[in-house]
Structure formats: structure tokens, C-alpha cells
Amino acid sequence: MKYIYGILLFVWTAAEVVKNTEINDPTGTGFILTALCLFAIKEKYLDRELYSCIYGAVIVALSYNNHYLLILLGIVFVDLAYFKRYYMLGIAAFIAFILLNRMGVVQVSFHLAAGVLWGYTLSKSDDKEKTHLTLLDNERALRYQLEKTKSELVTLQNEIEQTAEIRERDRIAKEIHDNVGHSIAGVLFQLRAAERIVLSDSHKVERILKLCAEKLVDALETTRNTVYNIKSSRAIGIESIHEIIKDFKFCKIDFSHNGDFDKISTANLKVMEATTKELLTNASKHSEASEITLHIDIKIKHIRCLYRDNGKGCNKIIESVGLAGIRDRIKNLGGTYSVDGSNGFTVVYTLPNIKEAEA
């Protein structure tokens, strides 16, 4: 934008030179063309305060033939103000004031003052733009870092679940080995001993068989207790969705599903449960619906979930904390999410079928 003021100064200078120079004197026009060429080179290739000072010295030299060329010093004042070289600006203003007094063109000082104001304004404007761009870059970096952190947390959560599952399997295997395995091994040892004396000592064989039966009963009881202890009391899979629907008393829910829930990962199940709870809670608070449709379609590569109610809907959807949470949970797993409030309230989201993808 600095060159705009420079062009205006050249137009003004040309008018002053033509007005105050004889028609048959081509020197004024030649000096203006020279200054214009130097100005173009400076703006395109040498846009620095040092070259601006050199350009100012050239203008002063040319002005000894035509004092009105000093108007072009406004270009130098624009540059110094733009680059915030205020000490150089003060020196240049002092020198220019002396020259203008000696040459009798003090009125040119108006252009110099206007150049300072223009350069200062441009400098502040560019600073604001740079600050704005820096903030945008920082915001993009923070968003990228946030998405990366969310992805890492999801990965870490999956790893923790896998580690917990492996540890639980090891614990169960150890418990079965230490209790049931030893009991059965003892029974096998007793049966083999009984096999050797079955013809010679039938009473002893009878005692051994009775002892083996008691040990097998104990092993069976230990097995039952182990299974009971490792069985989760919380509903999982399709049962968990049914539990959520069962607890919802606001209106009728038409629920249907296709596919095998056993092929859904734990992370996907948690998101589906949380999303279903949030949508049903919002329906009871805002929808005024009499019927809700829920459908879950489980495919090999993805899971598609549909929520629709026949409530009042809304023309302009304002994303609340609950809807934002739904969106974030789905996006973190690499899913998609869409909302429509034109005819009731509809939410459609998809999730990648993680277990199938890993398989």
C-alpha cells in the first residue's frame, strides 16, 4: 500500500513542476522520470530503510535544479515511519526543514507530514494483520495438537483395556490351574492307584472313589465360583442399550438393530451408550415427542446409528454441551455425525467397526 502514496506524490510533483517550469525546459520531466524509475526499483527490490535514505539523497540532489522535487521526500518519510525508524525520521525531518527553508518551499512540509501519518497507519495495520495471522496459526496448531492428543488418548484407552483383559485372563488361568487343575490331577492320581488294586482290595477302591467324587465336587464348585466372580454384573452389548431404553419413561421408543453386537469394540460400545443416553435425555427435556425411533446397523467395516423423534424440532440448531460431547466422542473414533431439526429431530452418525478393521 505504500506505493499508492508514492504514485500520488509523483502526480502532485509532476503538476507542480509543469506549472512552475518553462515549456521548453525538459529537465524537470527528465528528473521526474529518473526519480520514478528509482522509486519503482526501490519498491520492488530494495524496500528497506537504508535504500529509502539513499533514495532521499538522490531526490535532494535532483531538487537543486527544481525545488518542487522535494515533494518526493514524502516517500522517504513514509518508509521511515513504516519501518519504525523514528530516530532516522527525526534526523530526516530536521534536514528537510533546513532544505525547505533555504529553497523557499516550506509548503512542501505538508506532504512530508502526510507521509509520516500514512507510513505510521500502514505500519499499525500490518502489525494487526501479522498478529491476527499469528493467532490463527497458533489456533490451528492448538487444534491439531488437541486432535492428536484426543487420538492418543483413545489409543491409550484401547491399550489399557487390552492390558486389563490380558491380566484378567492370566489371573483366571492361574486360579483354574492352582485350584481346579490340582484337584483334577489328584483325582487322576487316585483313580490310577485304584485301578491297580481294583481286584485285590475292593473296600479300599470304594474309599478312593468316594474321595475322588468329593474332590470333583469341590473342583466343580471352585469352577462355578470362578465363573461367577469374573462375570460382569453390568449389562454389555445389546443388553446395555436395552437397559437404557427400559429406563426411559418419557415416550415410546421403536428400537431395532441389524448385525452382531459381539463384533463391536468396547470403545464403540461406550460411545453408542453415551450417545443414546444423551439423545434420550435431550428428548425428554426439549422435544415434546410422542415417539422415538432408534436403529443400529452393524456392517463389516462400519456401524450406522439413527435417532429420530417426531417432536417440535428446531430451525436453528444451537450446539449445546451435550451435542458437542456427542460430536467429539464420535469424531475421536474417526466417525461422522450429522443433525437435522427441520422435521422433528434427527441424528445420524457412523463409527468405524474397529474390531473388524483390526482383524
Side-chain angles (χ1 to χ4, degrees), residues 147 150-151 153-154 157-158 161 165 228 230-359:
E147 293 299 326
K150 287 180 178 179
S151 177
L153 286 175
V154 171
Q157 180 183 3
N158 292 334
E161 291 176 353
E165 183 178 352
Y228 178 80
I230 66 176
K231 184 178 179 181
S232 174
S233 60
R234 177 179 174 272
I236 59 174
I238 185 64
E239 290 81 9
S240 65
I241 304 297
H242 279 302
E243 287 290 334
I244 295 171
I245 294 173
K246 181 180 177 181
D247 293 338
F248 185 74
K249 309 297 183 181
F250 178 73
C251 66
K252 176 186 175 183
I253 296 179
D254 180 15
F255 174 61
S256 59
H257 66 91
N258 294 323
D260 187 1
F261 263 79
D262 292 336
K263 294 183 178 181
I264 300 178
S265 68
T266 304
N268 279 344
L269 278 173
K270 288 182 177 179
V271 169
M272 292 166 64
E273 291 172 7
T275 301
T276 302
K277 287 180 181 179
E278 185 63 37
L279 291 174
L280 293 181
T281 300
N282 287 347
S284 64
K285 291 180 179 179
H286 311 294
S287 70
E288 300 179 8
S290 60
E291 185 175 359
I292 294 174
T293 299
L294 284 176
H295 180 71
I296 300 174
D297 194 12
I298 304 169
K299 301 292 186 182
I300 295 177
K301 295 297 182 182
H302 71 274
I303 305 163
R304 182 180 182 274
C305 302
L306 166 69
Y307 166 93
R308 180 186 295 120
D309 65 46
N310 63 350
K312 61 182 181 180
C314 55
N315 294 326
K316 184 178 180 181
I317 297 175
I318 300 175
E319 194 173 73
S320 62
V321 175
L323 288 178
I326 291 175
R327 181 201 64 211
D328 290 342
R329 284 190 290 267
I330 294 170
K331 295 288 186 181
N332 288 341
L333 291 181
T336 61
Y337 162 83
S338 63
V339 180
D340 179 28
S342 59
N343 183 18
F345 193 73
T346 302
V347 175
V348 178
Y349 66 93
T350 62
L351 296 169
N353 203 338
I354 297 174
K355 281 189 175 180
E356 289 297 328
E358 291 175 350

**Study point:** Steps toward side-chain contact (heavy atoms from CB on, under 4.5 Å) verdict (L280, I253)
**Key:** CA-CA 10 Å; L280 293 181; I253 296 179; 3.8 Å; yes
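- With values rounded to the nearest 0.5 angstrom, H257 atom NE2 is found 10.0 Å from I241 atom CD1.
- From I303, atom CD1 reaches atom CG of L333 across 9.5 Å, with rounding to the nearest 0.5 Å.
- Across all their heavy atoms, F345 and I317 have their closest contact at CE1-CD1, 4.2 Å.
- The CZ atom of F261 sits 4.0 Å away from the CD1 atom of I296 when rounded to the nearest 0.5 Å.
- E291 meets the side chain to side chain contact (heavy atoms under 4.5 Å, CB included) test with K252, D254, N310; sequence neighbours excluded.
- Nearest heavy atoms, S284 versus T281: OG-O, 2.7 Å.
- The two atoms that bring K312 and E288 nearest to each other are NZ-OE2, 3.7 Å, heavy atoms only.
- In this structure, CG in N353 is found 11.5 Å from NZ in K299, a value given to the nearest 0.5 Å.
- Applying the side chain to side chain contact (heavy atoms under 4.5 Å, CB included) rule to D260 yields the partners D262, K263; only residues at least two apart in sequence or on another chain are considered.
- When all heavy atoms of I244 and E273 are compared, the pair lying nearest together is CD1-O, 3.7 Å.
- For the atom pair C305 SG and L351 CG, the distance stands at 6.0 Å (nearest 0.5 Å).
- Considering CG of L306 and CG of L294, their distance stands at 8.0 Å, rounded to 0.5 Å.
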Result block: side-chain N/O donor-acceptor pairs under 3.5 angstrom for residues 322-330, not counting sequence neighbours:
from : atom 1 : to   : atom 2 : distance (Å)
R327 : NH1    : E319 : OE1    : 2.3
R327 : NH1    : E319 : OE2    : 3.1

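- Y349 is not listed as a side-chain neighbour of Y307, based on a closest heavy-atom distance of 4.5 Å or more.
- Pairing each heavy atom of F250 with each of A289, the nearest pair is CE2-O, 3.4 Å.
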